[in-house]
Amino acid sequence: MKQLIKDAVINGLEQCRASGLLSGEGCPDFVVEVPNHSDHGDFAVNVAMMLAKAERKAPRQIAEILLQQLQSSQGPWQRIEIAGPGFINFFLKPICWYGLLADIYRQGEHYGRGTLGAGRKVQVEFVSANPTGPLHIGHGRGAATGDAVASVLQEAGFDVQREYYINDAGNQMDTLGRSIFLRYQQLCGRDVEFPADCYQGDYIRDEAQIILDREGERFLRMEEGEAIRWFACHGGEAIRRGIDADLQQFGVHFDNWYSEQSLYDRNLVAEGIEALKEGGHIYEQDGAQWFRTTAFGDDKDRVLVRSNGATTYFASDVAYHREKYQRGFDTVIDVWGADHHGYVPRMKAVLSALKRDPEDLQIILVQLVNLLRDGVQVAMSTRSGTFVTLKEVLDEVGRDACRFFFLMRRSDSQLDFDLELAKKQSTENPVYYVQYAHARVCSINRNAAEAGLTLPGADQVDLGKLELAEELALAKMLERYPQVICGAAQHFEPHRLTFYVQELAAQFHSYYNQYRVIVDDRATTLARLYLVNAIRIVIQNGLRVLGVSAPEQM
RNA sequence: GCGCAAUUAGCUCAGCUGGAUAGAGCGUUGGCCUCCGGAGCCAAAGGUCACAAGUUCGAAUCUUGUAUUGCGCGCCA
């Protein structure tokens, strides 16, 4: 629709020049936009203001000349006018909007799908929490965000893979093994000290108990190093399965779980370092191997291999990201906690060193969640063991409310999550507001069916019966949906969709409260059923992308 | 100290590629159920878009500076 207006304006401009009304050449890169106020029409064009200098004429004067030209030709508009400093405002015929409703029915659950991605391969890596403890509420926000970004990209036509990176190679796994082993020994009655740098959470003791029940006391006789390795391996896998179960409950499904250890097993870490070395990006100092990330804008160079021979976490990240592109992804998206923002330059440096466009790596920073209970901040730390898990929150407030809540802000904005507030299920929790709009249409449909009315098809509707300003506004709102998806995908901002469905629901509730859908006049009833069910489809689609259900009854 | 981000209504936040009179929710105040589901709707009040310069037809949006807040700055993961 926008393009149609743009073409018409360009065409009109050329004709004005051909007839000598305007001089100048070339066409400025003007904008067709949707004005904030409906008084300003459906679309506004700023071309006259941009031409003012080149034409040496007042913007309104240029607009007047263009207006004459446009009015003499055919177009989908009802009227065109000049306003403000020189905007040309287009008012379209209602049928232009109502005609688009047929697309929504024709495409159904596919309405909103775009071709922006053109099938290009994108990977979204998110959560990737260390398998040393259960997911907490902060991971939940990352999970909701990553999953929604992936879904939005899918809707926009990208070929998306969701991946979870398991940090199963560091010394934290050793700490995990030791922690469980110590609890195990305590459960066996041994008087051993449990140091502060071990994981304190109750789940450690639970895991130890499970192992004790299943395996008995045989590990007491095992050499300590060997026992710790066993506990690390089995404990890590058990915790990973627990994480997976929590994510399942949250409705998040990964296509791939990627082990950091596997990078070492396949020698990819050494290969990654070698690749950087070949590019001349590595030097040795104080017995360590350094990657010259400062050559690509980082603050300081980074160590890949320590003087004791151990590789750093960054080294496996180099290998990991290098391997992602070898797997054929055009764009790779990492979802990180915002406290890791200092790592962005060095990861971008990896791409530059590997001769990849740094834009091929997009990093979404998610602010940590500020968890409150009755307005009082809950301190969270994995080490101290005082954290609220994602599962606890899910059990309390439910999946839909939880996901919607996480997606109500842009990801790099702080989020206050008050558990008591979220549990109230009152107006503070807007997910019900949106779901209710959907359920209301379904309720209308049930009533319509009882009255012997069936949902009309596009060819059975007299669109002329939709003559209310509110109905036209709703139709326009529905037309915007695919653009919202597209914008959210381009900017990796799923919160745009959250805002959109809320706005659409609000507009529907308002309409519903003011007018009745089922009225005496059959043709009007059918037309309104046609409209509100298009709304239902769009709300359902929007919620599905956000990972929230659209119940028919509440 | 250096770097990154933020600063918009009483509170929490949107604001698209620079566009016309800056929006929403909550809270406050006052209304709306004989009526398809009141988990809803309507109305009112509420603003120096942190501050100051600059860029231009036009700035909450772009540039620079200042202030405040948060985060990051290891041969940790």
Side-chain angles (χ1 to χ4, degrees), chain A residues 29 31-37 39-40 44 46 48-53 58-59 83-87 89 130 132 167 169-173 175 260 285-290 298-300 302-314 316-317 337-345 365 367-368 408-410 412-416 418 421 425-433 435-437 439-448 450-451 483-484 486-488 490-491 493 495-496 498-499 502-503 505-506 508-519 525 528-529 532 553-554:
Chain A
D29 192 19
V31 175
V32 180
E33 61 175 6
V34 180
N36 289 329
H37 298 273
D39 301 347
H40 297 141
N46 65 346
M49 278 111 79
M50 299 190 76
L51 282 171
K53 220 168 207 180
F87 287 104
N89 293 339
N130 296 337
T132 55
N167 299 121
N171 59 28
Q172 62 194 344
M173 291 306 290
T175 304
E260 180 186 7
Q285 186 181 308
D286 302 330
Q289 304 269 324
W290 295 74
D298 197 7
D299 289 341
K300 53 202 292 189
R302 309 293 171 179
V303 169
L304 293 176
V305 184
R306 296 195 275 160
S307 52
N308 68 2
T311 51
T312 60
Y313 182 86
F314 184 45
S316 40
D317 254 349
D339 53 337
H340 290 87
H341 68 80
Y343 295 74
V344 173
L365 297 173
Q367 278 288 351
L368 300 180
M408 277 182 56
R409 313 244 160 96
R410 34 183 315 140
D412 57 356
S413 177
Q414 252 194 336
L415 173 69
D416 287 338
D418 192 311
L421 203 67
Q425 304 197 349
S426 61
T427 48
E428 283 109 323
N429 210 335
V431 63
Y432 294 100
Y433 183 80
Q435 289 179 318
Y436 184 41
R440 260 189 163 162
V441 178
C442 294
S443 174
I444 293 169
N445 288 341
R446 287 189 292 270
N447 286 313
E450 237 170 76
Q483 297 164 51
V484 172
C486 184
Q490 274 177 312
H491 298 272
E493 291 181 342
H495 76 277
R496 294 183 184 210
T498 318
F499 279 85
Q502 285 183 92
E503 200 184 324
F508 166 74
H509 283 309
S510 177
Y511 171 72
Y512 172 91
N513 228 262
Q514 206 174 343
Y515 307 100
R516 292 181 61 81
V517 172
I518 299 170
V519 292
T525 301
R528 289 182 177 176
L529 277 175
V532 299
Q553 286 182 40
M554 298 179 69

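So that the names make sense, note that chain A is the first sequence line, chain B the second, and so on, each numbered from 1.
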Does a nitrogen or oxygen in the side chain of [X] sit under 4.0 Å from OP1 or OP2 of [N]?
X	N	answer
A/Arg440	B/G38	yes
A/Arg410	B/G15	yes
A/Tyr512	B/G38	yes
A/His509	B/G37	no
A/Ser510	B/G40	no

Checklist entry - Taking O4'-C1'-N9-C4 for purines and O4'-C1'-N1-C2 for pyrimidines, is B/C33 syn (within 90° of 0) or anti? => result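 Judged by the O4'-C1' to base torsion, B/C33 sits in syn, the angle falling within 90° of 0.
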[atom1] atom, [N] versus [M]: distance in rounded Å?
N	M	atom1	answer
B/C16	B/C33	C1'	40 Å
B/U8	B/U48	C1'	12 Å
B/C76	B/A60	P	49 Å
B/G54	B/U61	P	14 Å
B/G27	B/A39	P	15 Å
B/U63	B/G46	P	34 Å
B/C73	B/A77	P	13 Å
B/C49	B/G30	C1'	30 Å

Item to check | Contact state string [nucleotides 54-62 of chain B, B base, S sugar-phosphate only, - no protein heavy atom under 4.0 Å] | outcome: ---B-----
Checklist outcome for this item: Reading nucleotides 70-77 of chain B from 5' to 3' and marking B where a protein heavy atom lies under 4.0 Å of the base, S where only the sugar-phosphate is that close, and - otherwise, the string is -BSSSBBB
Atom-to-atom span, [atom1] of [X] to [atom2] of [N] - whole angstrom:
X	N	atom1	atom2	result
A/Asn513	B/C42	CG	P	7 Å
A/His495	B/A24	NE2	P	17 Å
A/Met408	B/A14	CE	C1'	10 Å
A/Gln553	B/G37	CD	C1'	10 Å
A/Leu368	B/U69	CG	P	20 Å
A/Arg496	B/C13	CZ	C1'	15 Å
A/Gln483	B/U17	CD	C1'	13 Å

Next on the checklist: Check this for me: A/Asn308, atom CG, are more than 12 non-hydrogen atoms of other residues, nucleotides or ligands nearer than 6.0 Å?
Outcome noted: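 Yes, the 6.0 Å shell around CG holds more than 12 heavy atoms from other groups.
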Checklist outcome for this item: Taking Watson-Crick and G-U wobble contacts under 3.5 angstrom, with | marking pairs to another strand and [ ] crossing pairs, the secondary structure of RNA chain B is written (((((((..((((.....[...)))).(((((.......))))).....(((((..]....))))))))))))....
Next on the checklist: Pair A/Tyr313, A/Asn167 - check side chain to side chain contact (heavy atoms under 4.5 Å, CB included), show working.
Outcome noted: CA-CA 9 Å; A/Tyr313 182 86; A/Asn167 299 121; 3.2 Å; yes
Item to check | Centroid under 5.5 Å and tilt under 30°, A/Phe87 to B/A20 | outcome: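 Given the distance and angle limits, yes, they stack.
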Checklist entry - For A/His40 and B/A20, are the ring centres under 5.5 Å apart with planes inclined under 30°? => result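 It does: the two rings, one from A/His40 and one from B/A20, meet the stacking criterion.
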Next on the checklist: Please enumerate all residues that pass ring pair (Phe, Tyr, Trp, His ring centres under 6.0 Å) together with A/Tyr515, with sequence neighbours excluded.
Outcome noted: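 Listed in chain order: A/Tyr511.
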Item to check | Side-chain heavy-atom pair A/Asn46, A/Phe87 within 4.5 angstrom cut-off | outcome: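 Yes, at least one pair of side-chain atoms sits under 4.5 Å.
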Item to check | A/Gln414 CD to A/Asp412 CG distance, which is reported to the nearest 0.5 Å | outcome: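 Between atom CD of A/Gln414 and atom CG of A/Asp412 there are 11.0 Å.
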Next on the checklist: Measuring from atom CE of A/Met408 to atom CG of A/Leu415, what distance do you get when rounded to the nearest 0.5 angstrom?
Outcome noted: 8.5 Å
Checklist entry - Of all heavy-atom pairs between A/Met554 and A/Tyr432, which one has the smallest distance, and what is that distance? => result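 That closest heavy-atom pairing would be CE-CD2, 3.8 Å.
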Hey, does [X] reach any base, or is it just sugar-phosphate, or nothing, if we go heavy atoms under 4.0 Å?
X	value
A/Tyr433	sugar-phosphate
A/Asp317	nothing
A/Ser413	sugar-phosphate

Next on the checklist: In terms of relative ring orientation, are A/His495 and A/Phe499 parallel, tilted or perpendicular, with 30° and 60° separating the classes?
Outcome noted: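 Perpendicular.
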Next on the checklist: So, using side chain to side chain donor-acceptor pair (under 3.5 Å) as the criterion, who are the partners of A/Asp416 when residues are at least two apart?
Outcome noted: A/Asn370
Checklist entry - Who passes side chain to side chain donor-acceptor pair (under 3.5 Å) against A/Ser316, sequence neighbours left out? => result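 Residues passing side chain to side chain donor-acceptor pair (under 3.5 Å) with A/Ser316: A/Glu260.
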Checklist entry - Which one, B/A20, B/U12, B/G19, comes nearest to the side chain of A/Glu33? => result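 That would be B/G19.
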